[in-house]
2 protein chains.
Amino acid sequence: MDHLETRELRYFVAVAEELNFGRAAERLGIAQPPLSRAIRQLEHRLGARLLDRNRRGVALTHAGTVLLREARTALDAVGAAVRRTRRAADPQRPLALATKAGASHQLLRRLLDAVAAEPGAAPIDVILCEVGEQAGLLRSGRADVALMHHPFDDLAGFDTEALYVEGQVALLPAGHPLASRDELTLAEVQNVPDLPIARWPRLDGSYPDGPGPEVRTQSQLAQLVALGKTLLVIPASSRAWQWPEHVAVPVVDAPDVTTVIAWPPSSRSPAVAALVRTASALYDTARPAP
Amino acid sequence: MDHLETRELRYFVAVAEELNFGRAAERLGIAQPPLSRAIRQLEHRLGARLLDRNRRGVALTHAGTVLLREARTALDAVGAAVRRTRRAADPQRPLALATKAGASHQLLRRLLDAVAAEPGAAPIDVILCEVGEQAGLLRSGRADVALMHHPFDDLAGFDTEALYVEGQVALLPAGHPLASRDELTLAEVQNVPDLPIARWPRLDGSYPDGPGPEVRTQSQLAQLVALGKTLLVIPASSRAWQWPEHVAVPVVDAPDVTTVIAWPPSSRSPAVAALVRTASALYDTARPAP
DNA sequence: AACGGCTCATACCGGACGGGTATCACAGCG
DNA sequence: CGCTGTGATACCCGTCCGGTATGAGCCGTT
């Protein structure tokens with residue numbers, strides 16, 4: 001047979017993530033024997049061993065790791081199909097807009113105002129994300145559109161429209177010597193001995209090596225700056241979330257950051273199209289006065 | 001309930017494409033009543049009407065068109081999961097490389113030679129495509145890697161590495177006045193009255209309006225040029241498939257075309273990685289002598 | 001070395017549900 | 001006013017999913 005059911009993929013993902021049939025079964029709300037049987041059937045249908053059942057637990061084979069990755073994206077796609085269809089069926093549905101918390105605050109406020117001013121425009125649910133969550137939300141259909149930032153975010157696979165281009169500033173603790181400068185260069189902020197760059201977790205949750213503090217959220221980062229433990233280089237508009245204890249100094253040679261509005265390719269529903277149009281109009285008025 | 005099974009998606013796609021339960025059931029190899037029931041259940045689970053059952057046939061609702069699109073990509077993803085897992089499980093698996101028939105012929109030949117010269121490299125199956133088929137093959141897991149051409153092909157959603165940059169030439173029928181020129185400009189070839197640009201089908205199979213002949217394959221196009229019915233502007237290396245009746249004249253101001261090797265993001269299996277490395281090495285040797 | 005724990009696999013059974021056949025209801029059309 | 005073609009309904013059957021009970025290795029423990 002050739003066709004997999006999503007049930008089989010869900011089961012496999014649970015086992016592959018838990019690496020333990022018992023816990024996986026519990027998570028799935030079924031008993032362990034049917035799960036064992038389902039995985040065995042799956043292996044048989046694919047003609048591939050997916051798990052090494054050694055003594056004491058299970059390990060993924062190479063084919064298993066491939067399937068785990070592929071199954072996750074496939075399940076994402078199925079889930080997205082469900083959510084997008086439900087949204088499409090509901091004429092009152094609010095559009096879900098994902099954006100990085102604290103970033104592009106002015107732009108977002110103006111966008112929401114502009115949409116509210118339009119008669120008949122769909123209401124908008126704003127989903128505030130940390131770091132690079134927007135892509136996942138778009139892909140899984142939990143968000144209809146997102147504000148993202150080139151070149152920080154990975155825009156691969158989305159249609160986008162530029163909304164705003166801006167320079168970057170260094171955010172420094174107020175008392176620091178560099179904070180009194182009118183402008184800085186990347187070379188100057190790159191290696192400040194007493195303000196090492198903070199480290200963000202990788203996708204797997206581990207942290208790269210380095211001298212800087214480990215952070216997971218923007219609030220942590222903001223506080224660390226206020227405490228004089230680190231500095232960061234961010235788009236100028238992110239000054240919106242700077243604290244009184246922060247000082248922002250333009251970094252003249254930092255690459256420009258473009259705020260874009262992004263949506264899943266070829267899923268331009270009328271509501272999304274209208275929102276993109278409204279946003280683009282904002283861009284045209286925003287460009288003269290940045 | 002929240003989880004759809006791929007079976008339901010397959011059934012819906014069949015109905016949505018046939019717009020007729022009987023034919024859809026036949027295509028699926030089941031009887032019509034169970035199919036009706038399945039679709040009805042699907043609508044109930046999604047809480048959305050997908051089809052308008054008027055007298056005499058069915059029509060898609062808005063939600064239905066959304067689900068049709070989403071279901072296709074979701075089924076693609078599931079199919080890709082199956083194929084990629086099977087490939088991963090087979091140590092002898094040949095890598096499937098998709099490329100436009102006739103394009104980048106020299107590069108392909110050198111790539112295949114280079115791979116063959118490497119001890120222990122996986123064998124390569126070449127899939128020759130028309131126009132933009134490569135993206136679909138990559139997405140559905142039928143191909144592991146593809147040679148694509150920026151800016152012609154849509155590279156969104158893939159990781160790529162540049163292999164070759166080249167200018168473009170105008171391909172003209174040998175007897176035509178322009179064929180005797182040493183070089184041309186875009187403006188000159190854009191609107192030649194007796195050689196209108198050919199028209200390619202859109203995704204839905206329909207053709208845009210215009211004076212040029214309708215074509216579906218490169219061979220058709222090549223023959224039309226030889227017959228003095230049209231001209232085309234193509235990458236210089238595509239001269240490989242020019243006929244004796246053709247003349248190629250460089251178009252000096254046409255944008256450069258970059259041949260890239262593309263693969264699905266984050267699915268860089270060892271074999272794919274090795275192939276990309278071999279190809280990149282070719283690029284370095286190819287650049288000095290284009 | 002024997003035991004108890006933890007793992008996953010096997011055996012078996014019941015019930016839900018997917019699929020089949022037969023038939024109906026309804027619209028268009030000659 | 002039948003005939004044709006549509007999808008919907010009714011009902012039955014068989015498969016297969018999921019449950020319980022139990023077995024079989026492998027470990028660490030005593």
Side-chain angles (χ1 to χ4, degrees), chain A residues 1-61 63-65 67-68 71 75 78 82, chain B residues 1-61 63-65 67-68 71 75 78 82:
Chain A
M1 263 315 163
D2 216 46
H3 295 297
L4 288 199
E5 293 304 320
T6 61
R7 182 180 50 81
E8 314 184 69
L9 294 178
R10 286 197 309 274
Y11 286 7
F12 175 74
V13 169
V15 173
E17 284 179 355
E18 300 284 349
L19 291 177
N20 177 313
F21 279 76
R23 283 197 300 276
E26 191 179 3
R27 193 173 113 186
L28 292 165
I30 65 171
Q32 170 259 317
L35 180 58
S36 281
R37 191 179 55 189
I39 299 294
R40 190 160 284 282
Q41 276 181 12
L42 178 61
E43 286 182 312
H44 192 254
R45 285 169 136 200
L46 290 173
R49 294 229 346 286
L50 302 170
L51 299 170
D52 270 332
R53 283 94 156 161
N54 333 14
R55 73 258 169 191
R56 217 122 200 113
V58 242
L60 287 171
T61 64
T65 61
L67 182 58
L68 176 58
L75 290 176
V78 173
V82 173
Chain B
M1 263 315 160
D2 217 47
H3 296 297
L4 288 199
E5 294 303 320
T6 60
R7 181 180 51 80
E8 314 185 69
L9 294 178
R10 286 198 309 273
Y11 285 9
F12 175 74
V13 168
V15 173
E17 284 179 355
E18 299 285 348
L19 291 177
N20 178 310
F21 279 75
R23 284 196 300 275
E26 190 180 3
R27 193 173 110 185
L28 292 166
I30 65 172
Q32 171 259 317
L35 180 58
S36 281
R37 193 179 54 187
I39 300 294
R40 191 159 284 281
Q41 275 180 15
L42 177 61
E43 286 181 312
H44 192 256
R45 286 169 133 200
L46 290 173
R49 293 229 346 285
L50 302 170
L51 300 169
D52 271 330
R53 283 94 158 162
N54 335 12
R55 71 249 170 202
R56 218 119 198 112
V58 261
L60 286 171
T61 64
T65 61
L67 182 59
L68 176 57
L75 290 176
V78 174
V82 173

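Proteins get letters first, then strands, A, B, ... in listed order; numbering begins at 1 in each.
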Can you measure A:L28 atom CG to D:dC17 atom C1' for me and round it to whole angstrom units? 14 Å

In this structure, how many angstroms lie between the P atom of C:dC6 and the CZ atom of A:R23, rounded? 12 Å

Of the listed C:dA9, D:dG19, C:dG19, the closest approach to the B:Y11 side chain comes from C:dG19

Under 4.0 angstrom, heavy atoms only, what part of the nucleic acid is A:R37 near: base, sugar-phosphate, or nothing? base

Could you state the atom-to-atom distance from CD of A:E18 to P of C:dC6 in whole Å? 17 Å

Give the rounded distance in Å between these two atoms: CD of B:Q32 and C1' of C:dG20. 12 Å

note: B:L19, atom CG; D:dG7, atom C1'; distance rounded to Å ~ 14 Å

Take B:P33 and A:I30, find for each the nucleotide of DNA chain D with the closest heavy atom, and name the residue whose nucleotide sits nearer the 5' end. B:P33

For A:E5 and C:dC17, give me the distance from atom CD to atom P, rounded to whole Å. 15 Å

By the 4.0 Å heavy-atom rule, please label B:Q41 as base, sugar-phosphate, or nothing. sugar-phosphate

Could you tell me how far apart A:E26 (CD) and D:dG19 (P) are, to the nearest whole angstrom? 13 Å

Hey, could you give me the CD1/CD distance between B:I39 and B:Q41, rounded to the nearest 0.5 Å? 10.0 Å

For C:dT7, take OP1 and OP2 only and decide whether either is under 4.0 Å from a side-chain N or O of A:R53. no

Counting N and O atoms only, with roles assigned by atom type, does the side chain of A:E8 sit under 3.5 Å from a partner on the main chain of A:A38, one being a donor and the other an acceptor? no

Strictly distance-based, threshold 3.5 Å: is any side-chain N or O of A:Q32 a donor or acceptor partner for the main-chain N or O of A:G22? no

Respond yes when some side-chain nitrogen or oxygen of A:S36 is under 4.0 Å from OP1 or OP2 of C:dC8, and no when none is. no

Rounded distance in Å - CG (B:N20) to C1' (D:dA8): 14 Å

Please say whether more than 12 non-hydrogen atoms of neighbouring residues, nucleotides or ligands are located less than 6.0 Å from CD in B:E26. no

Give a yes-or-no answer on whether the side chains of B:R10 and B:T6 include a donor-acceptor pair shorter than 3.5 Å. yes

